[in-house]
Amino acid sequence: MPEKTYDHNQIELKWHERWAAEEGAGLYKAEENSSKPKYYVLEMLPYPSGALHVGHIRNYAIGDALARHMWMRGYNVLHPMGWDAFGLPAENAAIKNGRPPREWTLSNIEKMKLTHRRFAFSYDWDREVTTCEPDYYRWNQWFFLRMMEKGLAYRKQAMVNWCSECGTVLANEQVVDGCCWRHETTPVEQRALDQWFLRTTAYADELLKDIEILDGSWPERVLTMQRNWIGRSEGAEVDFKVDGYGPVRIFTTRIDTIYGATCMILAPEHEIVRTRLNAEMQAHAKKMIDARAAQGPGDVEKEGFDTGLRATNPFSGETVPVWVGNFVLMGYGTGAIMAVPAHDQRDFEFCSKYGIKILPVIRPTDGELPDVTKMKEAADAYGVVENSGPYSGKPSEEAKREMAARAEREGFGKAAVTFRIKDWGVSRQRYWGTPIPAIHCPACGVVPVPDDQLPVLLPRQVAITGKGRSPLDAVPEFVNVACPKCGAAARRETDTMDTFVDSSWYFYRYCDPQNTAVPYDKEKIAYWFPIDQYIGGVEHAILHLIYSRFWTKMMRDIGLTTCDEPVKKLFTQGMVVRNGAKMSKSKGNVVPADDIAEMRGADTARMFALFAAPPEKDVDWNDAGVEGIYRFLGRIYRFATRNIPAPAGGDGSADTQVLRKLHQTLERITIDFDHRWHFNTSIAAVMELVNELYAEEARISQATLATVIRTLTLMIAPFAPYLAQELWEEQGNSGPVFREAWPAFDAELAKETEVEIPVQINGKLRARINVPAGTGAAELGQLAQADEKVKALMEGKAIVKVIAVPDKLVNLVVK
RNA sequence: GCCCGGGUGGCGAAAUCGGCAGACGCAACGGACUUAAAAUCCGUUUUCCCGCAAGGGGAGUGUGGGUUCAAUUCCCACCCCGGGCACCA
């Protein structure tokens with residue numbers, strides 16, 4: 001047959017339409033009762049911002065190649081997709097152009113779904129999950145009620161960013177340089193508000209310990225980040241009695257230095273500040289709090305003031321001053337510390353600044369106590385405790401144990417573990433999120449919404465003005481409600497849930513998306529879970545992936561799953577950047593997926609996304625490389641079409657060589673899929689094969705041509721589904737190509753019979769010899785020395801050593 | 001400051017277990033086809049030196065050391081880039 005010109009539009013449109021018709025017949029459907037082994041492959045669900053860009057394409061191209069490959073390997077594949085549809089941008093859009101958040105969100109989903117289909121990602125759309133719809137978020141509420149029952153959801157006061165100009169709460173990302181994003185000269189204040197928390201700390205130890213389960217199948221750096229985030233640290237809590245107040249508890253990891261404590265420092269948010277200090281001091285503390293929030297992370301000059309209060313060190317009996325310090329965090333430990341300036345750098349800086357006494361109590365094992373007059377920085381190493389009453393002369397470790405034991409025995413402290421991870425604040429003073437199912441009754445207090453009243457529906461008619469505590473506050477028919485307990489007039493909770501709640505369990509819902517009785521059928525997830533392969537951006541290494549782990553453990557403890565961990569293997573792909581910057585609307589450097597599909601086709605776009613770099617690496621998108629993939633697909637298409645059916649005439653003299661290359665290529669791709677996902681090298685291997693086919697075309701027999709084209713078609717099916725399907729049909733086949741068996745490679749056929757061996761003399765390449773593959777070391781050494789060129793160079797030299805590595809090289813060491 | 005990644009041609013990259021550095025692609029250049037162009041096909045392309053040429057020789061994977069017959073790969077020190085955490089007591 002004469003070759004055809006590769007017209008991506010024609011091919012992709014044709015199959016796009018056919019597949020749309022076939023999808024109802026279960027093209028990408030996961031089977032519910034299958035005898036095949038299951039494989040659950042999942043890509044992180046996107047926020048429906050309005051358009052997919054090439055960063056998404058990369059993520060989905062990886063997952064889709066894997067899903068198609070696993071189908072071809074005989075697995076029952078679950079490959080679902082959904083929408084992380086709640087969130088701030090929908091409200092911002094509403095403020096900006098008056099479009100209701102739901103309408104804006106659903107229309108974005110429609111647009112993006114079209115792009116998904118255009119790219120032929122193999123999703124089982126019957127399982128689609130949209131988190132902003134009541135049939136999904138009612139289960140967020142259901143879980144929330146379960147957590148209230150177990151004491152895992154609770155209320156406490158916490159600080160929020162407050163803009164006095166808007167009269168509203170700001171999300172952290174709405175705070176720009178310490179000011180409101182809409183009022184650039186209005187500094188953001190910190191206000192205390194009663195808010196809802198989930199007790200993630202109840203699982204802190206288990207979240208840390210179970211990282212061991214994930215070790216080896218999650219990227220090491222993700223696990224490290226999680227370990228740091230959880231931040232377990234062992235130490236002790238000790239009460240210092242404050243005159244006229246009572247005991248104040250401090251946390252320290254260095255109780256062995258307690259005899260060197262020369263003052264006590266409180267966080268500016270500490271209770272004593274509110275209850276015992278005068279107005280002037282309180283104002284000072286408030287300023288510190290606001291300044292810290294405005295500054296954001298980073299080094300701040302240490303600052304503080306003496307409260308005039310005095311506290312007693314329970315070990316030494318000494319009286320020390322009580323200060324307030326801006327560097328002491330209320331959210332860690334107890335919000336109060338003992339300052340040991342001699343042995344802690346931060347305390348050293350603070351105390352030096354304010355002239356507070358420095359008292360060394362630890363000497364190095366083989367040295368003297370530090371000389372206070374010469375100290376330039378704190379000596380924070382362990383050593384031997386001195387000037388410490390009965391503990392003097394003991395090593396730090398021993399003193400730590402004994403002191404903690406004594407504190408516990410005598411009731412003024414104990415050994416204690418503190419975590420950096422905090423309880424998860426889930427309250428958002430926002431409209432576009434899951435309503436928290438609680439009611440505030442003047443008589444009964446906080447009352448959970450009864451199960452049979454779920455879902456608490458988010459009202460649709462809401463004015464989004466960006467003013468007031470929350471848009472829901474201004475909706476009387478939402479707020480005014482009868483107390484479920486006593487029937488009195490009560491107020492509905494108007495906070496909504498953090499959107500990380502939605503994404504913490506959505507992958508369970510995919511297994512049973514229509515269920516109206518329970519979040520999902522336990523049997524169904526027992527079959528599908530855990531997720532075999534989860535693929536997404538490394539930016540979710542901490543929050544999303546810790547919350548998901550927490551949620552699974554919580555569900556396990558209420559009997560909904562037996563899984564300890566939801567995700568067996570995690571792959572974090574690199575970012576797609578443009579001109580060195582992360583793609584974002586604000587930078588205006590987004591490359592829309594549809595543009596690439598329009599110009600060069602979906603196959604080209606997704607294949608280039610895989611070819612540009614190994615998937616875990618960041619990649620700078622440039623359109624020039626796209627052209628190369630397009631040419632490559634054209635080369636495949638032209639070669640195949642002009643050889644279907646294979647013309648008689650090729651003498652077959654290149655058959656062995658071509659079949660060898662074919663099986664070598666298959667081997668490389670198969671290994672790439674099994675082990676490391678370096679699809680860039682998989683695709684390079686196919687390019688090499690195609691180059692060889694072009695070079696040897698006339699010398700390939702009819703039968704071999706047919707075999708090669710068939711295998712090549714199957715090989716590219718995971719990467720370029722449209723082209724593969726078209727060629728599959730051209731060869732007279734029917735049915736989806738990705739449901740065919742993945743071609744097995746024949747290790748024998750892939751073996752080289754002859755290899756070229758480099759010959760080095762003293763490590764420098766001097767000659768090459770051709771020998772049969774597998775030639776032994778001794779013979780190889782002989783053959784190398786017999787080479788004419790080697791002989792000439794060896795003239796008058798003595799051989800010291802012959803290193804011969806079969807099939808690799810020969811190195812002659814001479815003098 | 002601490003903890004991770006990473007640094008290889010003009011560019012994206014490859015070298016999977018210590019064994020030919022630069023596979024594959026982009027860009028560039030040359031040739032074939034064409035009235036011409038596009039498309040396509042074939043070729044050259046790390047760099048420096050010697051040679052009209054065939055060919056030959058040297059250097060080279062951020063820098064400096066080390067181990068080894070042999071180092072992009074292993075070890076030590078340092079420089080640069082990216083990311084995460086950042087007063088966590």
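The figures here come from the full heavy-atom set of this structure, side chains too, leaving out hydrogens, waters and symmetry mates. Each chain gets a letter, A, B and so on, in the order the sequences are listed, and its residues count up from 1. Keep in mind it's a predicted model, so treat the numbers as computed, not measured.
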With respect to the phosphate group of B/G25, does any side-chain polar atom (N or O) of A/N691 fall under 4.0 Å of OP1 or OP2?
yes

Going 5' to 3' through nucleotides 8-15 of chain B and flagging B where a protein heavy-atom sits under 4.0 Å of the base, S where only the sugar-phosphate is that close, and - otherwise, we get ----BSSS

Taking any heavy-atom pair under 4.0 Å as a contact, classify A/R227: base, sugar-phosphate, or nothing.
nothing

With a 3.5 angstrom cut-off on both distances, give the Watson-Crick or G-U wobble partner of B/C2, or none if there isn't one.
B/G84

With sugar-phosphate meaning primed atoms plus P, OP1 and OP2, does A/D344 contact a base, only sugar-phosphate, or nothing at under 4.0 Å between heavy atoms?
nothing

Suppose we define a pair by two distances each less than 3.5 Å, Watson-Crick or G-U wobble; what does B/A37 pair with here?
none

Tell me every residue that passes salt bridge (Lys or Arg N to Asp or Glu O under 4.0 Å) with A/D807, counting only those two or more places apart in sequence or in another chain.
none

Report the C-alpha separation of A/E303 and A/K353 in whole Å, then their side-chain angles, then the decisive distance to 0.1 Å, and conclude whether the salt bridge (charged side-chain N to carboxylate O under 4.0 Å, His left out) test is met.
CA-CA 9 Å; A/E303 208 205 333; A/K353 175 169 174 177; over 6 Å; no

Partner of B/C26 under the Watson-Crick or G-U wobble criteria, both distances under 3.5 Å, comes out as B/G10

Base, sugar-phosphate, or nothing: which does A/Q345 touch, judged by heavy atoms less than 4.0 Å apart?
nothing

Just jot down the salt bridge (Lys or Arg N to Asp or Glu O under 4.0 Å) partners of A/K617, sequence neighbours excluded, or say none.
none

Would you call the rings of A/F412 and A/F315 parallel, tilted or perpendicular, where under 30° means parallel and over 60° means perpendicular?
perpendicular

To the nearest angstrom, how far is A/M330 atom CE from B/A89 atom P?
16 Å

Is there a Watson-Crick or G-U wobble partner for B/A53 with both distances under 3.5 Å, and which nucleotide is it?
none

Could you tell me how the ring of A/H284 sits relative to the ring of A/F305: parallel (under 30°), tilted (30 to 60°) or perpendicular (over 60°)?
parallel

Can you check the A/R254 CZ to B/C87 C1' distance for me, whole Å?
17 Å

Base, sugar-phosphate, or nothing for A/K764, non-hydrogen atoms under 4.0 angstrom?
sugar-phosphate

Looking at the angle O4'-C1'-N9-C4 for a purine or O4'-C1'-N1-C2 for a pyrimidine, is B/C76 syn or anti, with syn meaning within 90° of 0?
anti

Mind telling me whether B/G9 is syn or anti, cutoff 90° either side of 0?
syn

A/E397: which residues meet the salt bridge (Lys or Arg N to Asp or Glu O under 4.0 Å) condition with it, sequence neighbours left out?
none

Under-4.0 Å side-chain N/O to phosphate OP1/OP2 contact, A/R420 with B/A86:
yes

Parallel, tilted or perpendicular, as decided by the 30° and 60° cut-offs, for the rings of A/F350 and A/F327:
tilted

Hey, does A/T418 reach any base, or is it just sugar-phosphate, or nothing, if we go heavy atoms under 4.0 Å?
nothing

State, without any angle test, whether A/R420 and A/S233 hold a side-chain donor-acceptor pair at a distance under 3.5 Å.
no

Look at all strands and tell whether A/V340 reaches a base, only sugar-phosphate, or nothing, counting heavy atoms closer than 4.0 Å.
nothing

A/E220/A/R227 salt bridge by N-O under 4.0 Å criterion
yes

So if I take residues 261-273 of chain A and measure heavy-atom distances to RNA chain B, which residues fall below 4.0 Å?
none

Please report, to 0.1 Å, the donor-acceptor pairs under 3.5 Å made by any side chain of residues 627-634 of chain A, with sequence neighbours excluded.
residue: A/E627; atom: OE1; partner: A/R600; partner atom: NE; Å: 3.1
residue: A/E627; atom: OE2; partner: A/R600; partner atom: NE; Å: 3.4
residue: A/E627; atom: OE2; partner: A/R600; partner atom: NH2; Å: 3.1
residue: A/Y630; atom: OH; partner: A/H8; partner atom: ND1; Å: 3.2

